[in-house]
Amino acid sequence: MKRIAEGIYLLESCGFVNAYLLEGTQDMTLVDAGPAKTADALLDELKDNGFSFKDVQRAVITHAHADHCGALTALMAKHRFKVYAHPKDIPALTGKAPRAPGGLKSFCMGFFHEPLQPWEPIDVALPVEPGQPVRGLPQWQILHLPGHTEGSLGLYHPTRQVLLCGDALSNRGGRLHLPAQSYLKDAAAARSTLESLAKMDCDVLACGHGPLIRGGAFRFIGKLLQS
Ligand SMILES: [Zn+2]
Ligand SMILES: [Zn+2]
């Protein structure tokens, strides 16, 4: 576990995926849960760092891909918490719509990836959209970041200038990237999302994959926009 700022932690037990823990005054929130196969490792990580999993009262899911939400069913079997997601990704999260991003190429990728990352849809998720504060997260703004999926979400803490952007951007090989073409539900929307993120005061950027970018992260986002 890595401390990002006061009450904001990177969870490092989810393999190639980043999940985050937000510590509130009353309880805690997960941002993403990692794939199904690392659910136990996430529980161990919380325990090893002195956190009680029972204090997790909710999870905000940045988007309905197996690597970010696959662990939910296993985690909720141990202790029930609320799950929030954007309305456009809730059908995939709850098994009422296909989980692959769409298109033949994505379908094929889903075909090969799903067996590696099996997961059970959850029974219910609560909708959250920009302008609606999530209970327990009064300082966080919810952002809609469509492109990678229609209902991709981000969370932004304006005072600490920390942005959790899910897979809207990823930090690979020391460079910031938009999602690969084959992982884009809507390329034009992804570009608009990038433009809106480039206008934000972002000091720390915490992506769904890859290392944190600390200190003036807005510069990296601006550079990607100009590339
Ligand atoms: Zn994704
Ligand atoms: Zn991902």
Side-chain angles (χ1 to χ4, degrees), residues 2 10-21 30-39 41-42 59-75 83-95 97-122 125 128 142-155 163-173 175-194 197 205-213 221 224:
K2 202 173 267 166
L10 164 66
L11 297 171
E12 298 174 293
S13 55
C14 305
F16 67 103
V17 188
N18 297 327
Y20 297 92
L21 180 72
L30 285 176
V31 177
D32 288 340
K37 64 184 176 191
T38 59
L42 188 145
V60 178
I61 298 301
T62 61
H63 63 295
H65 279 170
D67 50 338
H68 299 261
C69 61
L72 284 175
T73 303
L75 293 176
V83 176
Y84 293 87
H86 190 276
K88 293 210 161 152
D89 271 25
I90 286 180
L93 202 56
T94 52
R99 286 169 269 165
L104 183 62
K105 198 170 175 188
S106 295
F107 174 80
C108 293
M109 283 172 55
F111 182 79
F112 288 112
H113 282 224
E114 291 277 316
L116 296 174
Q117 300 175 354
W119 64 293
E120 291 290 322
I122 58 168
V128 64
I142 298 291
L143 312 174
H144 183 207
L145 308 177
H148 180 59
T149 67
E150 281 182 279
S152 287
L153 285 181
L155 289 94
L163 172 63
L164 314 180
C165 71
D167 282 359
L169 303 174
S170 67
N171 183 17
R172 287 178 281 118
R175 271 189 62 198
L176 205 53
H177 297 265
L178 281 170
Q181 199 66 29
S182 46
Y183 278 116
L184 278 180
K185 174 80 178 167
D186 181 336
R191 189 80 198 163
S192 307
T193 285
L194 172 61
L197 292 178
L205 180 64
C207 302
H209 301 275
L212 297 168
I213 297 179
I221 303 172
L224 174 62

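Atoms within each ligand, like the ligands themselves, are counted from 1 in listed order.
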**Complete:** Which of L163, L153, T62, L155 passes side chain to side chain contact (heavy atoms under 4.5 Å, CB included) with L143? Answer is L163
**Message:** Between C207 and L176, does the side-chain contact (heavy atoms from CB on, under 4.5 Å) criterion hold? Intermediate values first, please.
**Reply:** CA-CA 9 Å; C207 302; L176 205 53; 4.0 Å; yes
**Item:** Short side-chain donor-acceptor distance under 3.5 Å, H63 and D167
**Value:** yes
**Asked** Would you say H68 has an N, O or S atom lying under 2.8 Å from the Zn ion (ligand 2)?
**Response** yes
**Partner of H209 under ring-ring contact (aromatic ring centres under 6.0 Å, His included), chosen from H68, H148, H177** = H68
**Prompt:** Within the stated cut-off of 2.8 Å, is an N/O/S atom of H63 closer than that to the Zn ion (ligand 2)?
**Reply:** no
**Item:** Heteroatom of D167 nearest to the Zn ion (ligand 2) (N, O or S, atom name)
**Value:** OD2
**Message:** Quick check: of its N, O or S atoms, which one does H65 have closest to the Zn ion (ligand 1)?
**Reply:** ND1
**Message:** Below 2.8 Å, can you find an N, O or S atom of D67 next to the Zn ion (ligand 1)?
**Reply:** no
**Message:** What verdict does the side-chain contact (heavy atoms from CB on, under 4.5 Å) test give for S13 and T38, after you've listed the backbone C-alpha separation in whole Å, the side-chain angles of each residue and the deciding distance to 0.1 Å?
**Reply:** CA-CA 7 Å; S13 55; T38 59; 5.8 Å; no
